[in-house]
Amino acid sequence: MAKIISNERLSKDFFLMKVEEENHAVMGQFYMLRAWGEYPLLSRPISVFDADEHSVSFLYKVVGKGTEIFAGLKAGAEIKLDGPHGNGFPEAEGKIALVGGGVGIAPLYLTAKTLKKLNPASKVDIYLGFSDQAILVDSYEKVADQVTLNVGGFVTDDIDPLQYDVIMTCGPEIMMKVLYKKCRSVGAKAPLYVSMENRMACGIGACLVCTCKTTAGNKRACKDGPVMLGSEVFGDE
Ligand SMILES: Cc1cc2nc3c(=O)[nH]c(=O)nc-3n(C[C@H](O)[C@H](O)[C@H](O)COP(=O)(O)OP(=O)(O)OC[C@H]3O[C@@H](n4cnc5c(N)ncnc54)[C@H](O)[C@@H]3O)c2cc1C
Ligand code: FES
């Protein structure tokens with residue numbers, strides 16, 4: 001069990017939880033979280049928002065029973081962390097765009113921070129899309145060269161894929177697919193990496209619940225992903 005350092009409400013539905021943790025997570029990975037006994041049955045997968053040698057943070061949106069329980073936890077309480085799991089975003093350099101929709105912005109914070117640390121000369125632009133209220137914009141501005149905010153519209157409208165060497169995205173599958181199609185339609189050369197947030201059960205590659213069809217065969221989002229190439233996931237669509 002790990003001790004919760006803080007669990008702050010950021011808006012009506014969004015919370016940021018910081019937990020004591022020694023295992024070092026990298027950009028785009030996730031943990032399976034649990035703060036209950038028997039019910040709900042399954043632990044909940046949540047991306048790493050930020051991490052250092054002694055802690056890990058999670059940005060989460062309350063959508064059901066599990067996340068509702070997380071939201072009620074106070075500093076000092078304990079939570080079970082299983083992870084970090086999965087293959088996250090790849091190391092990259094040059095002009096990089098990170099595109100997030102809703103709670104899909106979560107893994108992009110550590111990703112921007114890591115990419116800038118790996119190569120300070122890289123230009124990292126972040127596109128944040130929210131349906132109503134924006135959160136954490138100041139924090140993202142600290143780790144990126146430029147932040148473009150879209151509230152109530154389509155964040156995919158804001159990006160010119162031709163400006164970038166690499167594009168990484170996380171959010172609703174439909175948003176990632178629209179971005180993939182836009183990249184194709186303008187003839188962008190930049191590879192697009194998508195983070196697949198399929199429903200999960202075991203989180204470690206054993207149950208196949210999170211399987212998705214790709215051009216390279218069936219893949220498990222938890223073990224082979226969650227980050228995959230958009231071209232593998234969406235193919236000729
Ligand atoms: C790899 C991965 C990383 C994730 N990272 C984050 C994160 O950083 N922050 C965050 O808030 N959430 C994240 N999620 C989604 C999160 O796991 C679910 O929102 C959570 O499990 C819901 O649990 P619940 O008990 O609150 O809701 P439930 O009662 O289980 O579900 C409530 C509603 O949410 C829908 N839902 C549940 N899981 C998903 C899902 N995976 N995709 C789409 N809809 C879903 C259900 O269909 C239902 O309508 C991630 C999911 C995956 C697979
Ligand atoms: S969640 Fe069990 S294989 Fe991915």
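Atoms within a ligand are numbered from 1 in the order they appear, just like the ligands themselves.
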Under 3.5 Å donor-acceptor pairs involving side-chain atoms of residues 98-113, not counting sequence neighbours:
unit_1, atom_1, unit_2, atom_2, d
T111, OG1, P107, O, 2.6
K113, NZ, D50, OD1, 2.9
K113, NZ, D50, OD2, 3.1

For residues 221-229, please give each side-chain donor-acceptor pair under 3.5 Å, one per line with the distance, not counting sequence neighbours.
unit_1, atom_1, unit_2, atom_2, d
D224, OD1, R220, NH2, 3.4
D224, OD2, R220, N, 2.6
D224, OD2, R220, NE, 3.4

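Of the protein's non-hydrogen atoms, the one nearest atom 35 (C) of ligand 1 is R199 NH1, 4.4 Å. Protein heavy atom at the shortest distance from atom 42 (N) of ligand 1 is E197 O, 3.4 Å. Looking only at protein heavy atoms, the nearest one to atom 34 (O) of ligand 1 is V63 CG2, 3.7 Å. Looking at atom 8 (O) of ligand 1, its nearest protein heavy atom turns out to be S47 N, 3.1 Å. Atom 10 (C) of ligand 1 has its closest protein heavy atom at V103 CG2, 3.5 Å. Looking only at protein heavy atoms, the nearest one to atom 27 (O) of ligand 1 is G64 CA, 3.4 Å. Looking from atom 14 (N) of ligand 1 to the surrounding protein, the closest heavy atom is P45 O, 3.4 Å. Nearest protein heavy-atom neighbour of atom 20 (C) of ligand 1: R44 CD, 4.2 Å.
Residue-ligand proximity, G66 to ligand 1, at heavy-atom distances under 4.0 Å covers atoms 24 (P), 25 (O), 26 (O). Less than 4.0 angstrom separates some heavy atom of Y60 from each of these atoms of ligand 1: 9 (N), 10 (C), 11 (O). Annotation for ligand 1: atoms under 4.0 Å from non-hydrogen atoms of A106 are 8 (O). Interface of M200 with ligand 1, defined as ligand atoms under 4.0 Å from a residue heavy atom, comprises 1 (C), 53 (C).
Among all heavy-atom pairs drawn from C212 and N198, the shortest one is CB-ND2, 3.6 Å. The two atoms that bring T156 and M175 nearest to each other are CG2-O, 3.6 Å, heavy atoms only. Contact between Y127 and A97 at its shortest, heavy atoms only, is CE1-CB, 4.1 Å.
Of the options V62, T67, I46, the smallest heavy-atom separation from atom 26 (O) of ligand 1 is shown by T67.
For atom 1 (C) of ligand 1, the nearest protein heavy atom lies closer than 4.0 Å. Note that atom 5 (N) of ligand 1 has protein non-hydrogen atoms nearby, at separations under 4.0 angstrom. Distance check for atom 18 (C) of ligand 1: every protein heavy atom is found at 4.0 Å or beyond. For atom 22 (C) of ligand 1, the nearest protein heavy atom lies closer than 4.0 Å. Protein heavy atoms all stay at least 4.0 Å away from atom 48 (C) of ligand 1. Protein heavy atoms are found inside the 4.0 Å sphere centred on atom 29 (O) of ligand 1.
Note: L33 CG to I46 CD1 = 6.0 Å, rounded to the nearest 0.5 Å. Note that the CD atom of Q29 and the OG atom of S47 stand 10.5 Å from one another [nearest 0.5 Å].
Under the 4.5 Å side-chain criterion, counting only non-hydrogen atoms from C-beta, L81 is in contact with F58. In this structure the side chain of M32 reaches within 4.5 angstrom of the side chain of P45, judged on heavy atoms. Within the 4.5 Å cutoff, side-chain heavy atoms of L16 are placed close to those of F49. Using a 4.5 Å cut-off on side-chain heavy atoms (C-beta onward), Y180 and V194 make no contact.
D165 contributes no side-chain N or O that, together with a main-chain N or O of G94, makes up a donor-acceptor pair within less than 3.5 Å. R9 places a side-chain N or O within 3.5 Å of a backbone atom of K12 that can act as its donor or acceptor partner.
Around atom 2 (Fe) of ligand 2, protein N, O or S atoms at less than 2.8 Å comprise C202 SG, C207 SG.
Polar contact with ligand 1: present for K61 (N/O pair, distance under 3.5 Å). Residue-to-ligand polar distances place L59 within reach of ligand 1: an N/O pair is separated by less than 3.5 Å.
Pairs passing the side-chain hydrogen bond (donor to acceptor under 3.5 Å, both in side chains) check and including a residue from residues 83-103, sequence neighbours excluded, read D82-H85, E93-N119.
Between F15 and F70, the distance from one ring center to the other does not fall under 6.0 angstrom.
Atom NZ of K123 sits in a crowded spot, with more than 12 heavy atoms from other residues, nucleotides or ligands closer than 6.0 Å.
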